[in-house]
Number of protein chains: 2
Amino acid sequence: MDKELIFGHQNPDTDAIGTAIAYSYLQNKLGYNTEAVALGEPNDETAYALKKFGFEAPRVIETAANEVNAVMLVDHNEPQQSVSDIDKVKVTHVVDHHRIMNFNTADPLFYRAEPVGCTSTIMWKLFNENGVEIPQNIAGIMLSAIISDTLLLKSPTTTDDDHKAVEALAKIADVDYKEYGLAMLKAGTNIADKSEEDLIDLDAKSFSLNGNNVRVAQINVVDLPEAMERKDAFLKAMDESSKSNGYDMFMLLITNILDSDSEALVVGSDETKATFEKAFGKKLSDSEVKLPGVVSRKKQVVPPLTDAFEG
Amino acid sequence: MDKELIFGHQNPDTDAIGTAIAYSYLQNKLGYNTEAVALGEPNDETAYALKKFGFEAPRVIETAANEVNAVMLVDHNEPQQSVSDIDKVKVTHVVDHHRIMNFNTADPLFYRAEPVGCTSTIMWKLFNENGVEIPQNIAGIMLSAIISDTLLLKSPTTTDDDHKAVEALAKIADVDYKEYGLAMLKAGTNIADKSEEDLIDLDAKSFSLNGNNVRVAQINVVDLPEAMERKDAFLKAMDESSKSNGYDMFMLLITNILDSDSEALVVGSDETKATFEKAFGKKLSDSEVKLPGVVSRKKQVVPPLTDAFEG
């Protein structure tokens, strides 16, 4: 069988990398010939999880068509979040927990999406449905993905299925998931030794909203005031990134993982900023606004922005 | 829980109607509040299957947003094949076996697609995965859907999963699937009391191939020579339909479901007819050509036509 690559989205997080590793293991057990790769280096949190469970970081690819004819996607489907030459390969499988947007195929395919907190929660079901035993290290990396995406089951995206998956995977991985989870999340909050340019690109996604190229980045911290001391430098980096990449709006969500509160910084035209204010029903003050309780880009940021831009 | 409607595509076939009935039963067992409806009256074959297993034809709807806020789709995803006001309702679930095209959502959803012969084959898996027992009549209508889509497991779209589902469902439905399936397929082949205008529109799809508007219709029969006695009237109807709808080529595939052979009738310009001949490597004789073994529009007609028009 021809080899296929499996990967998550650009600027990979623990779900994108961890679930790709798990899916490749499962698919190879089921007779496919796959390799888990990544569209970028692991962030600090993901690196912590990979090390904890004994994995090397997946090989980073720039393009896919030079290696394979077909690929499998996890944790994304929108072409602009995928490999740069996604239009030159056939997508045979998708496992995802996001909305579907601009994803078109020429042929029927496997597509498995559920509105749960993390792709690894669906992956856990796929192992069970296919009767494939989950090895300890695979359970550990899937557990890490769910803890990451749900902020230790506290994000509003969290479902009963995520709770069940975490309980089951923690048992197989043989870890105290609360203790391990907090340590892993904290490993991803060290922003002191990173530049603003790097921080606004670590966990960032682009969305096409009614013709506007909207960038939404997120940083997890344990000390919001400390992060906000770098506000001017963040705004400058966001402005420069918008100019070079053609973003019509750039929003940076800085989330305190300990109390689930966020501050947002926004760069854009007067028009897109007004649309942002309409989306959240709040006024920006000096490009800044408090968004208490907002921790999920997918559930609490993209839907109101979509409504405001397209409404 | 707010009520949701479940339906298949326009011009519904046995998969569109049968799988909607089965999915509504399953979802209601799982705690949803759903009703299976249809975007048109059942055809003769579907009516036969519904009667056999004691179902009324689902209520036909023209629009959805006047009744519900949310819907679930089976056997399709492309908006132009769906209810007319699909853009005014939220799609929460899709179960399908087609390519994904122009299907966009604002929020994450349940999406389950597999490249198998029939949506009811996936539905059979969903019952099993959720541990919901399949009642005899639901098994019967799902069995009917798979027999219909796969022409009794003989179409090249048929997979191992379709075979397994048919075996399991026939047992629950307590029917000899070969005997019943042939009777059901034959019920859909009564062309005697239908006009040529109706017959060329019963199961017809349009494709845009390199700027050409290509129409491909299919009729199932048990007596090819009898159908071909109406050849001149078919060609006249195809010619008139092409003129009023702007088709550059109109192909009618008349398939003998007993021996899986087909005759094709083709109307178009000299140029599009030459492209047709290139596609199948055969010469048209008086607008007609034999295509032995060709039964699947999706797998055996559209791909060679696409290659010939775009190559």
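Basis for what follows: all heavy atoms, side chains included, without hydrogens, waters or symmetry-related copies. Naming convention: chains lettered A, B, ... in sequence-line order (proteins, then strands); numbering from 1 in each chain.
With rounding to the nearest 0.5 Å, the separation of CZ in R112(A) from CZ in F110(B) is 9.0 Å. T105(A) OG1 to H98(B) NE2: the interatomic distance, rounded to the nearest 0.5 Å, is 11.0 Å.
Counted within 6.0 Å of CG on D87(A), heavy atoms from surrounding residues, nucleotides or ligands total more than 12; the atom is thus considered enclosed. Surrounding NZ of K282(A) are more than 12 heavy atoms belonging to other residues, nucleotides or ligands, all under 6.0 Å away. No more than 12 heavy atoms of other residues, nucleotides or ligands sit less than 6.0 Å from atom CD of E271(A). Counted within 6.0 Å of CG on N69(B), heavy atoms from surrounding residues, nucleotides or ligands total 12 or fewer; the atom is thus considered open.
Heavy atoms only, all atoms of each residue included: K298(A) and P108(B) are closest at CD-CG, 3.8 Å. Here the shortest heavy-atom pairing between Y111(B) and I100(A) reads CD1-CD1, 3.3 Å. Looking at every heavy atom in both residues, D107(B) comes nearest to P303(A) through OD1-CG, 3.7 Å. The minimum heavy-atom distance between M101(B) and N104(A), with the atom names listed, is CA-OD1, 3.3 Å.
Looking at D307(A), neither its backbone nor its side chain comes within 4.5 Å of chain B, counting heavy atoms on both sides. With a threshold of 4.5 angstrom between heavy atoms, E114(B) approaches chain A through its backbone and through its side chain. With a 4.5 angstrom heavy-atom cutoff, K125(B) does not touch chain A via any of its atoms. Both the backbone and the side chain of N102(B) have a heavy atom closer than 4.5 Å to some heavy atom of chain A.
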